[in-house]
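Comments concern the structure below.
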Protein chains: 2
Amino acid sequence: MTITEYKDIYKRALLDDVIPFWSKNSIDKQHGGFFTCLERNGTVFDTDKFVWLQGRQTWMYAMMFNQVEKNQEWLNTSIHGADFLKKHARAEDGTWYFSLTQEGKPLVQPYNIFSDCFATQAFGQLYKATREDEHASIAHSTFMSILDRRDNPKRAWSKAFPDTRPLKNFALPMILSNLALEIEHLLDKDLVARLTQECIHEVMEVFYDKESGQILENVTPDGQFSDTFEGRLLNPGHAIEAMWFIMDIAAKNGDQALIEKAKNITLHTLEYAWDNEYGGILYFMDIMNKPPQQLEWDQKLWWVHIETSIALLKAYKLTKDKRCWEWFEKVHEYTWAHFADPAYVEFFGYLSRQGNPLLTLKGGKWKGCYHVPRGMYQCWKTLEEMEK
Amino acid sequence: MTITEYKDIYKRALLDDVIPFWSKNSIDKQHGGFFTCLERNGTVFDTDKFVWLQGRQTWMYAMMFNQVEKNQEWLNTSIHGADFLKKHARAEDGTWYFSLTQEGKPLVQPYNIFSDCFATQAFGQLYKATREDEHASIAHSTFMSILDRRDNPKRAWSKAFPDTRPLKNFALPMILSNLALEIEHLLDKDLVARLTQECIHEVMEVFYDKESGQILENVTPDGQFSDTFEGRLLNPGHAIEAMWFIMDIAAKNGDQALIEKAKNITLHTLEYAWDNEYGGILYFMDIMNKPPQQLEWDQKLWWVHIETSIALLKAYKLTKDKRCWEWFEKVHEYTWAHFADPAYVEFFGYLSRQGNPLLTLKGGKWKGCYHVPRGMYQCWKTLEEMEK
């Protein structure tokens, strides 16, 4: 297929299928916010509201309004999500609950700092559309609070006994590397510069294990390998997703060496994690090839494959390394052959190792209106730039 | 096969294979306690110590000493586990940590009340062998502390927001129904009688859903169904395991009606959860057939199948319902065809839906020296009684 043909697939799926699917099925007109637990045909099967996904969908519609088209319905949908979040999702200290009932009552405590990250992302993006001070202020204060508790993100809910085996996790610096660019317009320039440098250092030097060429999920506070279940854990999708965040920063800074390094890590991770028996990318691995604790280790997850397509396209666009294009075609083919639903739009989220749907849902506790449409947008736009 | 042939399989596997496997591979002579993270051939692949499994193995060897043979090596092994637990596994308030390093430093806080349950079980059983006051006293005080915090087992580590959606979980009454009999010798007679009545009521009336004939994993505080992810959850292995605990109590009390009810629930659960496509018993289901949150829902777990064999044999022995024997033969065949390792002793723990090893470990964070040997002992002894 040509670049243009690929581009059209992502663009059309985003605009004709995916966004309409969420617009039609996920909006809770009675209580506000979004339903995300949707069966394959879009039927709501559970009404709980997960703050990660409320924030992500709020962001998605604002981003579409800001980047694709000034479609008032998209903006209204984003505001619909933001209003629900504003009204219900914050605890007294300003941190964000993990989940709420349909009506907005808190269900799960604000133990998870990523709720705060996606709320920041949502209000920061929405502010670009509304220019409402309140949206900027929520994004800004939430972001500052994230920075304040970076070293103890789970607070009182952490089950780790202090100091026996301190480890730091990859997810937060990874998300911050994206978030700092997302809300750049609300932050002091020096803070953005300092943060992005810190994130690049953490992702590309601290969590990157030179010897193996892998990104580790957890390292000691001074960046050493820990020969423990957590220390040995690899999450290839996470590592590859981070690589396109890094490539975005590097492209902005014109840092070709960093682009090259991120491209190489993407390819190396993918070669390591590709399932040569059944195709697709494994979810979890152990760097010493020991049994992982995650029973879902061999499953194929939608976001892993979509984020990989984005990383490969960006890497190809920025480096012209042919291996990136070849891998993109292979991942694209696997993704559309297995995650796409022959009967309805949007993607399945969870496949068995063999590539069959393990669950037929289109949305749940962790899958919402985010990786699929964001990925389609990113692939579309990257391919479009390559056409030029 | 005849009853005697089946009996010999379980007896020989227990005495010739399984107990020697753990005796040979799991004892940490340097720091005390047990390694439980063992590859298929018995090699230690991780040295963390999980208090559930330390307690369970301590119990297992004491039980073997008390019930099978006054083998001093077994008693020494149990004391070896108990000494490690005594020295390292209790927090200042007497509650039990979840996990420790190899040396015994606390890794994970005492958030999990089942650590306390298995410690109670271990010291209660060991006391029968040693008659040491300290063993009795640890078992007794831990048990009383469990009763004290039954209504709030996770304490400060609970992530549930108070009162929005209070639910109670099946696991604790289920374990208590077994534990009350286990440490009967340390408790006031009235307390045992009251507790077993409470447990029977909870398991057979509160968590048992009359309409569907299923045992629910979570219900509202007044015993109602909750149409939520947690409320819809079924764990068939859990339900069936509880049925043999109940049959033990009922047999002791000569309550044939209760035996009959437990037998019927066993068969009904098994018929519901049997995977007609690939064989074996599914791990998790949703009572309304909605997508469960557990990505491992379709996997086949060792303990589920072993506990089911025990329940079926006890049910057959107590009721002579032929369906129990027919099901036992079917579950036995599946278990030995798929969980048994053609190359080494002990069972695989985790199979894919298709029945192939998902992980080849013989022990890990959750699988130790417990369900396999306890199950072999229970099957052996139940079959032996049926021979008479």
Side-chain angles (χ1 to χ4, degrees), chain A residues 37-40 45-48 91 97-101 103 105-112 154 156-165 227-230 232 283 286 288-299 301 349-350 352-354 356-366, chain B residues 37-40 45-48 91 97-101 103 105-112 154 156-165 227-230 232 283 286 288-299 301 349-350 352-354 356-366:
Chain A
C37 297
L38 305 179
E39 310 221 30
R40 65 189 290 190
F45 71 87
D46 195 276
T47 57
D48 280 357
Y97 292 117
F98 180 75
S99 65
L100 311 167
T101 63
E103 298 78 20
K105 285 188 207 154
L107 269 175
V108 174
Q109 299 278 15
Y111 79 94
N112 187 302
K154 291 189 189 169
W157 292 283
S158 170
K159 293 181 205 152
F161 191 85
D163 301 329
T164 303
R165 184 185 292 162
D227 184 5
T228 59
F229 280 108
E230 294 74 21
R232 293 189 300 267
Y283 188 13
D286 181 290
M288 295 171 76
N289 217 11
K290 294 178 174 185
Q293 281 179 349
Q294 290 74 11
L295 297 184
E296 64 274 31
W297 73 272
D298 72 346
Q299 296 175 12
L301 268 70
Y350 305 90
S352 69
R353 179 163 189 181
Q354 291 76 15
N356 303 312
L358 178 81
L359 298 170
T360 53
L361 56 75
K362 294 293 167 58
K365 180 175 179 178
W366 304 103
Chain B
C37 297
L38 305 179
E39 309 221 30
R40 65 188 291 189
F45 70 87
D46 195 276
T47 57
D48 281 357
Y97 292 117
F98 180 76
S99 66
L100 311 166
T101 63
E103 298 78 19
K105 285 189 207 154
L107 269 176
V108 173
Q109 299 278 14
Y111 80 94
N112 187 303
K154 291 189 188 168
W157 293 282
S158 170
K159 293 182 208 150
F161 191 85
D163 301 330
T164 302
R165 184 185 291 162
D227 183 5
T228 59
F229 281 107
E230 294 75 20
R232 293 190 300 268
Y283 188 14
D286 181 291
M288 294 171 75
N289 218 12
K290 293 178 174 184
Q293 281 179 349
Q294 290 75 11
L295 296 184
E296 63 273 33
W297 73 271
D298 72 347
Q299 297 175 12
L301 268 71
Y350 305 90
S352 68
R353 179 162 188 181
Q354 290 77 14
N356 303 312
L358 178 80
L359 298 170
T360 53
L361 56 75
K362 294 291 167 58
K365 180 175 178 178
W366 304 103

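In what follows, every chain begins at residue 1, and chains take the letters A, B, ... in the order their sequences are listed.
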Answer with side chain, backbone, both or neither: which region of [X] has an atom nearer than 4.5 Å to a non-hydrogen atom of chain B?
X         : result
Phe229(A) : both
Ser158(A) : backbone
Asp227(A) : backbone
Gln294(A) : neither

Worksheet item: With sequence neighbours left out, what residues match Tyr283(A) under ring pair (Phe, Tyr, Trp, His ring centres under 6.0 Å)?
Response: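 Partners of Tyr283(A) by the ring pair (Phe, Tyr, Trp, His ring centres under 6.0 Å) criterion come out as none, since no residue qualifies.
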Practice prompt. Applying side-chain hydrogen bond (donor to acceptor under 3.5 Å, both in side chains), name anything that partners Arg40(A), two or more places apart in sequence or on another chain.
Written response: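 side-chain hydrogen bond (donor to acceptor under 3.5 Å, both in side chains) list for Arg40(A), sorted by chain: Asp341(A).
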Practice prompt. State, to 0.1 Å, how close Pro162(A) and Gln109(B) come at their nearest heavy-atom pair, and which atoms those are.
Written response: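 Distance-wise, the nearest heavy atoms are CD-NE2, 3.6 Å.
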Fill in: Toward chain A, the part of Pro292(B) with a non-hydrogen atom under 4.5 Å
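For Pro292(B), backbone and side chain are both near chain A.
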Worksheet item: Tell me, side chain or backbone of Arg353(B) under 4.5 Å from chain A's heavy atoms, or both, or neither?
Response: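 Answer is neither: Arg353(B) stays 4.5 Å or more from chain A.
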Worksheet entry | Interface residue of largest heavy-atom contact number with chain A, from Glu296(B), Gln293(B), Lys154(B), under 4.5 Å |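 Winner by heavy-atom pair count: Gln293(B).
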Worksheet item: Of all of Val108(B), Asp46(B), Leu361(B), which one pairs up most often with chain A through heavy atoms under 4.5 Å apart?
Response: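 The residue among Val108(B), Asp46(B), Leu361(B) with the greatest pair count is Asp46(B).
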Practice prompt. Could you tell me whether Lys159(B) sits above the aromatic face of Tyr111(A), with NZ or CZ closer than 6.0 angstrom to the six-membered ring centre and within 45 degrees of the axis?
Written response: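 Yes - Lys159(B) lies over the ring of Tyr111(A), closer than 6.0 Å to its centre and within 45° of its axis.
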Check whether any side-chain N or O of [X] sits under 3.5 Å from a backbone N or O of [Y] as a donor-acceptor pair, and report yes or no.
X         : Y         : result
Lys290(A) : Phe45(B)  : yes
Trp297(A) : Leu358(B) : yes
Thr164(B) : Leu107(A) : no

Practice prompt. Name the option with the most non-hydrogen atom pairs under 4.5 Å to chain B; the candidates are Glu39(A), Met288(A), Gln299(A).
Written response: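 That would be Gln299(A).
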Discussion item. Between Leu295(B) and Leu359(A), is there a side-chain heavy-atom distance shorter than 4.5 Å?
Written reply: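 Yes - at least one pair of side-chain heavy atoms lies under 4.5 Å apart.
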